[in-house]
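These numbers come from the heavy atoms of this one structure, side chains and all, not from hydrogens, waters or symmetry mates. Each chain gets a letter, A, B and so on, in the order its sequence line appears, and its residues count up from 1.
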Number of protein chains: 2
Amino acid sequence: MLSERKKKILCAVVDGYIERANPISSKEIMQTALPDCSSATIRNELSALESMGYLHQPHVSAGRVPSQKAFRIYVDELMNYERLSDEETNLIVKYLTHQVDSVEEMVERVAKVLSEITHLPALVMKEDNLDIITSIKLLDLDNGKALVVIVTDCRILKDSFVDLPEHFTSNMLKSAQDWLNKIFVGKHISDFLNYDFPFELVNEQFGDFNKFFKRIVDTLKRESLTHSLHLSTVGENKIFEHVEYKDSQKAKQFLDTVEQKELICDLLFCDQEGTTVKIDKEDSVLEGCSVVKSNVVLGENISGSIGVIGPVRMNYRRVVAVVDKISKILNYVINNKR
Amino acid sequence: MLSERKKKILCAVVDGYIERANPISSKEIMQTALPDCSSATIRNELSALESMGYLHQPHVSAGRVPSQKAFRIYVDELMNYERLSDEETNLIVKYLTHQVDSVEEMVERVAKVLSEITHLPALVMKEDNLDIITSIKLLDLDNGKALVVIVTDCRILKDSFVDLPEHFTSNMLKSAQDWLNKIFVGKHISDFLNYDFPFELVNEQFGDFNKFFKRIVDTLKRESLTHSLHLSTVGENKIFEHVEYKDSQKAKQFLDTVEQKELICDLLFCDQEGTTVKIDKEDSVLEGCSVVKSNVVLGENISGSIGVIGPVRMNYRRVVAVVDKISKILNYVINNKR
DNA sequence: AGTTAGCACTCAAACCAAAAGAGTGCTAAC
DNA sequence: GTTAGCACTCTTTTGGTTTGAGTGCTAACT
């Protein structure tokens, strides 16, 4: 357990480092946080904090730099949370309550506002697995093809084409549609994946059109697989505003990481309530990065996460406040719209 | 008009500069391109080429660097075109003839292969304006909403939702569909934009459901507007492989430029046959960038462009060969599939 | 025992001057 | 017209010195 003074000093180091990105000296801490102590006293404390693993020195005559462990305790215990100003909150509300037509558009808007306010790349993940199928439509396109439309409870559609077999009448298409609906309505999209195709049943009812049905189910399977998690990232270029990416190789590494959708999804995927902060290699190979995220309930069966990603040295006070606020507004907006 | 020797020297400068990204000296040219001349002779020629605007020196004791004008003449007259190896061509063919289900997937594949082979960000633009409407479907979703589907001749669909008015029966939806088809089938998507809505006609046939029709047409208008040009960019991070973007501010500037879709579309949009090269500020505010592009015919009424964007100092011999080859393969693949 | 003034010490960064090296332009001879 | 030769320029490298920030330690003080 840290003494109050150690906490104060550690907090000052992290605050200072977040603001100015250079090592923090004992003198600086004295001036900003502990005017009643001498720099020598602070040096002793710093030395102690260093041997506890919270700080390190780039070289002997430099100030102290917080370690990953320091950021962790800073986020969890030390920092005081920022409250967004009313103007800012109102601006966000206004932006997010604007009439939108689709989930995609909403995602777009959320990501945009997150990224703009935090000056960091924004991540918005939507989990479609939990979508419940409302109905399946087979639409005759009059050119030997049919359009397969899946309607789900969160207005998301998965559509694709399928060639109709020869001698397949409009009526047969209708019964095929009814058949599919009977089986799948009320189920989750993800149920397609584990669905064993009942060849015999089809044979019985539709003669030899097994291949056609198989194709439809395969299409749906593929769709559900590729769309089960949808991640959008917006504002990647914002990282260039931060000094840790002045070297373009660092920037490249960061951008490459962000492009690994599965990795980012893993990071965003966690059940924890409220806004959480993941720092550096606690969770993955995100060297030098942190993620601030919050879950959002998009409906009874749909969930998602929103968040931002950036250097470990980010302004957590502000970023956590923003992510938290936006997720709350989002929950509010969505639930009041239904 | 340049003498043969001047051409040879200029070509050597550009080749060398493309390869090594540093100023080229007279001695170097002597060794690589003109072993029969002395370096002094070459120096005289270089001096002449400089005063003609093809070259410049970073400082007095440095070699020569080609100007934008030099790159222009290099691409147009000096360089010898590379022929892709058969293995490489086969690889591309194999990759592009792989079974795909949608235009989007094809675009994805083309962009991917372009970007991987050239080590540059790839641009693929598809012009939907020329799509001809094959049919319009209004699909009752049983929850007070209808799905609007537009089928066009290039298999592209534009779909969106519209709320049904109260007391709107299934039969009325059917007649509404017939009515829309009568008006719009055979026309271009872009025709929606200029379409004046005939309130009286609707009133006559459908009573007071003007609002409903207006909403449908508005939706279609918006869709056709936002989707009229579709640009996808893939492999933006490839620019980090090039020294001109070692400074991350340069990289940022580049990435910001590439994100300006309209600007890139303008660049890609030109009728010229074959593969064309646009260099730096000839065409726009693309500071330090070049675009190599080629038009692709995707069908009778659909056109698109593929290309790459990168630093002016790019390997034109190879890049032009690749873009040219891929566009030809693409034309072949598409036309043989129909 | 905790705090602090004082001081020696370390090390990065800034500065400066000299040397090396690359490449040119010019001149005079071929 | 071509070229050898040379003086000249300017960047890059090298190495040494200075500066300054910041520490750790010690000894004195509360």
Trainee: Between Ser39(B) and Ala40(A), who's closer to the 5' end of DNA chain D by nearest nucleotide?
Mentor: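 Its nucleotide being nearer the 5' end, the pick is Ser39(B).
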
Trainee: Generate the contact string for nucleotides 7-19 of chain D. Rules: B means base contact, S means sugar-phosphate contact only, - means no protein heavy atom under 4.0 Å.
Mentor: --BBS--------

Trainee: Stem ranges for DNA chain C, with three or more consecutive Watson-Crick or G-U pairs under 3.5 Å?
Mentor: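 Only these stems qualify: C:1-30 with D:1-30.
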
Trainee: Given atom NZ of Lys27(B) and atom P of dG21(C), what is their separation to the nearest angstrom?
Mentor: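 Rounded to the whole Å, the gap is 12 Å.
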
Trainee: Would you mind classifying the nucleic acid contact of Asp36(A) as base, sugar-phosphate or nothing, using non-hydrogen atoms under 4.0 angstrom?
Mentor: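 Sugar-phosphate, backbone atoms only, no base.
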
Trainee: Rounded to the Å, how far apart are Leu55(B) CG and dG23(C) P?
Mentor: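 From Leu55(B) CG to dG23(C) P: 15 Å.
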
Trainee: Less than 4.0 angstrom between a side-chain N/O of Arg64(A) and OP1 or OP2 of dG24(D), yes or no?
Mentor: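 Yes.
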
Trainee: Can a salt bridge be assigned to the pair Arg313(A) and Glu244(A) using a cut-off of 4.0 Å between side-chain N and carboxylate O?
Mentor: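 Result for this pair is yes, salt bridge flagged.
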
Trainee: Using a cut-off of less than 4.0 Å, is there contact between a side-chain N or O of Ser25(B) and OP1 or OP2 of dA22(C)?
Mentor: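 No.
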
Trainee: Respond yes when some side-chain nitrogen or oxygen of Ser26(A) is under 4.0 Å from OP1 or OP2 of dT23(D), and no when none is.
Mentor: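 For dT23(D), OP1/OP2 do have a side-chain N/O of Ser26(A) under 4.0 Å.
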
Trainee: Quick one: side chain to side chain contact (heavy atoms under 4.5 Å, CB included) partners of Glu88(B), sequence neighbours excluded?
Mentor: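 Residues passing side chain to side chain contact (heavy atoms under 4.5 Å, CB included) with Glu88(B): Leu84(B), Ser85(B), Ile117(B), Arg318(B).
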
Trainee: Between Ser39(A) and Ser26(A), do the side chains contain an N or O donor and an N or O acceptor separated by less than 3.5 Å?
Mentor: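 Not at all, the side chains of Ser39(A) and Ser26(A) share no donor-acceptor pair under 3.5 Å.
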
Trainee: For the side chain of Ser47(B), starting at C-beta, report the closest nucleotide among dG24(D), dG25(C), dT3(C).
Mentor: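 The answer is dG25(C), which lies nearest to the side chain.
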
Trainee: Would you kindly give the NZ-to-C1' distance between Lys6(B) and dG1(D), to the nearest whole Å?
Mentor: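 In whole Å, dG1(D) C1' lies 12 Å from Lys6(B) NZ.
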
Trainee: Test of understanding: with salt bridge (charged side-chain N to carboxylate O under 4.0 Å, His left out), list the residues that count as partners of Glu45(B), not counting sequence neighbours.
Mentor: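 For Glu45(B) the salt bridge (charged side-chain N to carboxylate O under 4.0 Å, His left out) partners, ignoring immediate neighbours, are Arg5(B), Lys6(B).
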
Trainee: Rounding to a whole Å, what distance do you find between Glu45(B):CD and dG1(D):P?
Mentor: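 The distance from CD of Glu45(B) to P of dG1(D) comes to 10 Å, rounded to the nearest Å.
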
Trainee: Salt bridge or not for Glu241(B) and Lys252(A), using N-O below 4.0 Å?
Mentor: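 Lys252(A) and Glu241(B): not salt-bridged.
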
Trainee: So, Tyr74(B) versus Asp15(B): side-chain donor-acceptor pair below 3.5 Å or not?
Mentor: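 Short answer, yes.
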
Trainee: Between C1' on dT3(D) and CG on Leu34(B), what's the gap in Å once rounded to a whole number?
Mentor: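 Leu34(B) atom CG is separated from dT3(D) atom C1' by 14 Å.
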
Trainee: Does Tyr54(A) have any ring pair (Phe, Tyr, Trp, His ring centres under 6.0 Å) partners at least two apart in sequence or in another chain, and if so, which?
Mentor: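 Tyr54(A) satisfies ring pair (Phe, Tyr, Trp, His ring centres under 6.0 Å) with no residue once adjacent residues are dropped.
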
Trainee: Got a salt bridge between Glu28(B) and Arg64(B), using NZ or NE/NH1/NH2 to carboxylate O under 4.0 Å?
Mentor: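 Looking at Arg64(B) together with Glu28(B), the answer is no, because their closest N to O distance does not fall below 4.0 Å.
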
Trainee: Tell me, yes or no, whether the heavy-atom count around Lys8(B) atom NZ, taken from other residues, nucleotides or ligands under 6.0 Å, exceeds 12.
Mentor: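 No, NZ of Lys8(B) has 12 or fewer neighbouring heavy atoms, counting only those of other groups under 6.0 Å.
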
Trainee: Expressed in angstrom and rounded to an integer, what is the separation of Ile42(B) atom CD1 from dG25(C) atom P?
Mentor: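 Atom-to-atom, Ile42(B) to dG25(C), this comes out as 13 Å.
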
Trainee: How many Å lie between CG on Asn44(A) and C1' on dG22(D), as a whole number?
Mentor: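 These atoms are roughly 14 Å apart.
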
Trainee: Respond yes when some side-chain nitrogen or oxygen of Arg5(B) is under 4.0 Å from OP1 or OP2 of dT2(D), and no when none is.
Mentor: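 So the side chain of Arg5(B) is within the cut-off, an N or O lying under 4.0 Å from OP1 or OP2 of dT2(D).
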
Trainee: What is the separation between atom CZ on Arg43(B) and atom P on dT3(D), rounded to the nearest whole Å?
Mentor: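 Nearest whole value for this atom pair: 11 Å.
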
Trainee: State which residues pass ring pair (Phe, Tyr, Trp, His ring centres under 6.0 Å) with Tyr245(B); sequence neighbours excluded, sorted by chain then number.
Mentor: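 Only Phe254(B) meet the ring pair (Phe, Tyr, Trp, His ring centres under 6.0 Å) criterion with Tyr245(B).
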
